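Quick notes on the structure that follows.
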Amino acid sequence: MMKSLRPASLLLLAGFALPACAALPAGDAKAGKASFRICVSCHQTGPAARAGFGPPLYQVVGRKAGSVPDFAYSSAMKNAGFVWTDEKLVAFMRAPGEVVPGNKMRFYGISNEQQLANILAYLRQQD
């Protein structure tokens with residue numbers, strides 16, 4: 001026989017079901033474009049984006065990791081086996097080596113939650 005859950009228990013369970021980026025503040029795409037400056041030495045955005053030191057990030061949300069044909073990904077990224085979601089992008093921007101151990105990206109991550117939200121908003125605007 002199942003016992004009914006108390007409202008506090010339901011709230012606790014609901015908290016665990018929220019996506020990782022739900023805790024992010026609201027993102028500002030314009031500020032994200034400015035914050036993206038730390039990324040432009042390796043990545044391009046926009047419809048004409050090409051691979052450079054890093055793959056293009058135009059329409060990255062929904063793309064299979066390691067799948068841009070004109071970029072030489074690490075084996076780790078080619079075999080990552082996931083699709084880029086908001087949550088995966090935020091986690092990767094925070095700590096690339098934890099999300100895809102052995103990837104080639106030489107970036108230590110972003111810890112500022114507002115900056116993460118802004119860059120995500122900018123990348124989402126590129127869809």
Side-chain angles (χ1 to χ4, degrees):
M1 180 186 269
M2 282 184 52
K3 295 181 181 178
S4 63
L5 293 174
R6 295 181 181 183
S9 299
L10 290 173
L11 289 174
L12 183 62
L13 289 172
F16 286 115
L18 293 174
C21 71
L24 285 178
D28 177 332
K30 185 175 180 182
K33 183 177 181 178
S35 293
F36 193 77
R37 284 181 288 188
I38 63 175
C39 311
V40 296
S41 61
C42 298
H43 298 283
Q44 294 181 12
T45 60
R50 297 177 154 248
F53 286 114
L57 298 180
Y58 180 65
Q59 297 182 331
V60 65
V61 178
R63 181 192 311 156
K64 183 177 184 257
S67 66
V68 173
D70 65 342
F71 185 73
Y73 290 98
S74 64
S75 296
M77 189 61 78
K78 284 184 205 173
N79 298 315
F82 63 81
V83 171
W84 289 112
T85 62
D86 292 350
E87 293 80 12
K88 279 287 190 190
L89 282 167
V90 168
F92 193 76
M93 288 188 287
R94 276 190 189 121
E98 289 180 20
V99 175
V100 183
N103 78 79
K104 295 191 314 185
M105 190 160 117
R106 298 296 167 242
F107 181 70
Y108 294 105
I110 299 168
S111 60
N112 181 295
E113 297 296 303
Q114 186 63 61
Q115 192 175 22
L116 285 166
N118 293 344
I119 293 172
L120 180 62
Y122 174 67
L123 291 173
R124 292 290 288 160
Q125 183 182 2
Q126 302 294 308
D127 288 349

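Quantities reported herein were computed from a predicted structural model and do not represent experimental measurements.
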Linking I/L/V/M/F/W/Y whenever their side-chain heavy atoms sit closer than 4.5 Å, directly or via other members, would Leu24 and Ile38 fall into one cluster?
-> yes
Closest heavy-atom pair, Ile119 versus Ser35, reported as atoms and distance to 0.1 Å, is CG1-CB, 3.7 Å
Sorted by chain and residue number, the ring pair (Phe, Tyr, Trp, His ring centres under 6.0 Å) partners of Phe82 (sequence neighbours excluded) come out as Trp84
Pairs where residues 26-44 contributes a residue and the test salt bridge (Lys or Arg N to Asp or Glu O under 4.0 Å) is met, not counting sequence neighbours = none
Using residues 41-48 as the side-chain source, report each donor-acceptor pair under 3.5 Å to any protein atom, sequence neighbours left out, with the distance given to one decimal.
from, atom 1, to, atom 2, distance (Å)
His43, ND1, Pro55, O, 2.7
Gln44, OE1, Arg50, N, 2.9
Thr45, OG1, Tyr122, OH, 2.9

Transitively linked via ILVMFWY side-chain contacts under 4.5 Å: Val40 with Met105?
-> yes
Nearest atoms (heavy-atom pairs only) where Ala76 meets Pro101 | CB-O, 3.2 Å
What is the minimum heavy-atom distance between Met93 and Leu120, and which atoms define it?
-> CE-N, 4.3 Å
Qualifying side-chain hydrogen bond (donor to acceptor under 3.5 Å, both in side chains) pairs with a residue from residues 104-114, counting only residues at least two apart or across chains = Arg94-Glu113, Gln114-Asn118
Listing, residues 57-70 side-chain donor-acceptor contacts under 3.5 Å, not counting sequence neighbours, or none:
from, atom 1, to, atom 2, distance (Å)
Arg63, NH1, Pro56, O, 3.0
Arg63, NH2, Pro56, O, 3.3
Arg63, NH2, Tyr58, O, 2.5
Ser67, OG, Lys64, O, 2.6

Residue pairs involving residues 73-83 (criterion side-chain hydrogen bond (donor to acceptor under 3.5 Å, both in side chains); sequence neighbours excluded) | none
